[in-house]
Amino acid sequence: MTKPAVLGGDPIRTAPWPQWPVHDEQEEQALLRVLRSGNWWRHSYGQGVELAEDETDLKSEAARFQRAFARHHDCRYGIAAANGTVTLEIALRAAGVRPGDEVIVPAYTFVATATAPLMVGAIPIFVDIDPDTYNIDPRRVAEAITPRTRAIIPVHFGGQPCDMDALLALAEQYSLVVIEDAAHAHGASYRGRMCGSIGHLGSFSFQVSKNMTAGEGGIITTNNSAYAESCESLVWGGRKKGHAWYRHFVLAGNARMTEFQGAILSEQLTRLPEQSARRSKNGQRLDGLLAQIAGIHPTVLLETTTCHSYHRYMFRYDPQTFAGLPKAKFIRALQAEGIDGVSTGYFTPLYANPMFVEKNFMGGSWPVDAWEHGRALNYADFIERCPVSERACASEAVWIPQSMLLAEPEAMDDIARAVRKIQENAALLAGAASEF
Ligand SMILES: Cc1ncc(COP(=O)(O)O)c(C=O)c1O
């Protein structure tokens with residue numbers, strides 16, 4: 001039995017993992033093109049939302065990018081924006097979600113999925129996730145629907161598409177809007193349909209950890225022209241196409257994407273298909289390797305998933321099979337073996353954050369009236385309603401970032417070997433747990 005690296009032994013892997021973000025002279029040329037043109041600011045309101053035959057006529061980099069991205073995701077409209085938080089807020093507003101409405105969101109997601117409803121005065125209602133996929137569980141969604149429910153935000157968590165058939169059936173039955181939070185799902189598809197094109201609206205992020213990035217950035221996708229027009233107005237300070245520049249028709253901020261972001265993202269999009277294929281191949285290889293280890297359960301790749309974008313590779317860890325070694329120590333031991341990017345993910349489901357527990361919403365100016373005539377919500381109550389999310393955070397979920405899946409296939413074997421080594425040494429590590 002070899003000594004664990006965390007206790008001074010040799011690590012399984014010393015080779016470096018792929019650098020992220022990926023860039024070369026493609027991105028350099030694109031940035032220089034914008035720099036030298038002097039057109040750093042997007043000046044193309046009303047241009048480029050809808051697909052066109054010829055994109056070369058568009059002067060704006062961001063406009064060209066939004067068209068190309070929308071086309072790649074089978075959408076007629078793409079509305080580029082500053083980030084993937086503001087895109088969720090704008091999508092909710094465009095869909096007519098109003099103060100006091102309820103919006104159903106998963107408890108296991110990034111905070112923006114739940115703050116976006118709050119930012120438009122609506123109430124996020126957390127529901128639990130499916131234990132096999134960590135995606136929102138449609139059965140829990142059905143239980144949470146009330147006469148005040150207006151929208152559902154399914155998150156294609158980690159890049160695996162949600163059970164969209166079940167969610168769309170509920171949406172149809174109760175006249176709800178479905179906004180796909182596709183922040184992890186660039187290029188992912190469900191039964192051959194691209195994420196971002198399945199619900200009424202889709203929202204993507206291009207923040208630096210995402211599968212394509214400009215450091216920051218976001219886009220809304222839709223096939224509905226009225227939603228597209230409304231989203232564009234909300235990105236551009238409430239302007240309206242065909243009207244004077246200084247005429248503002250709806251309350252809105254500035255959420256524009258810059259030309260630098262647009263230029264980089266066009267280049268990143270050209271890399272996406274090859275990178276996706278690599279992540280997919282490595283993700284499935286890792287599934288095969290890890291599934292053979294007792295106490296390690298990769299999240300289940302569903303038959304409905306025609307493309308998993310593997311923004312995160314996730315598996316479930318059973319501490320009992322590892323002599324009770326807590327998840328945080330398991331992660332630290334794995335990192336010491338050279339599996340650098342592995343992490344525990346969220347420490348708690350979203351509702352346990354102080355913001356929700358203490359209802360610190362806009363320093364008291366949040367529309368409490370709307371809240372009060374709704375049901376009295378206590379976010380602490382959600383602990384009992386979301387056991388799967390609780391378990392995922394406390395002891396079970398392990399994340400591997402997308403950039404590690406861009407490594408050579410044999411690197412996946414290193415991950416599995418490191419997990420096995422920790423399992424072989426589990427009793428020793430559990431005993432020595434206080435040392436690391
Ligand atoms: C599920 C999810 N939704 C929304 C966002 C927000 O995106 P951004 O960071 O671009 O604001 C993120 C980003 O981490 C995310 O993971």
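Read the numbers this way: they start at 1 and go in the same order the structure lists the ligands and their atoms. In this chain, residues are counted from 1 in sequence order.
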Within 45° of the six-membered ring axis of Trp40 and under 6.0 Å from that ring's centre, is NZ or CZ of Arg42 located there?
-> no
Any pair with a residue in residues 114-133 that passes side chain to side chain donor-acceptor pair (under 3.5 Å), sequence neighbours left out, goes on the list, sorted by first then second residue, please.
-> Asp128-Ser389
Tyr227 meets the ring-ring contact (aromatic ring centres under 6.0 Å, His included) criterion, sequence neighbours left out, with none
Residue shell around ligand 1, heavy atom under 4.0 angstrom = Asn83, Gly84, Thr85, Thr109, Phe110, Ala112, Thr113, Val155, Asp181, Ala183, His184, Ser205, Gln207, Lys210, Gly217
Shortest non-hydrogen pair, Leu201 vs Ala95, comes out as CD1-CB, 4.0 Å
Sequence neighbours excluded - side chain to side chain donor-acceptor pair (under 3.5 Å) pairs with any residue from residues 337-349 = Glu337-Lys421
Would you mind telling me which of His311, His186, Glu180 makes a side-chain hydrogen bond (donor to acceptor under 3.5 Å, both in side chains) with His156?
-> Glu180
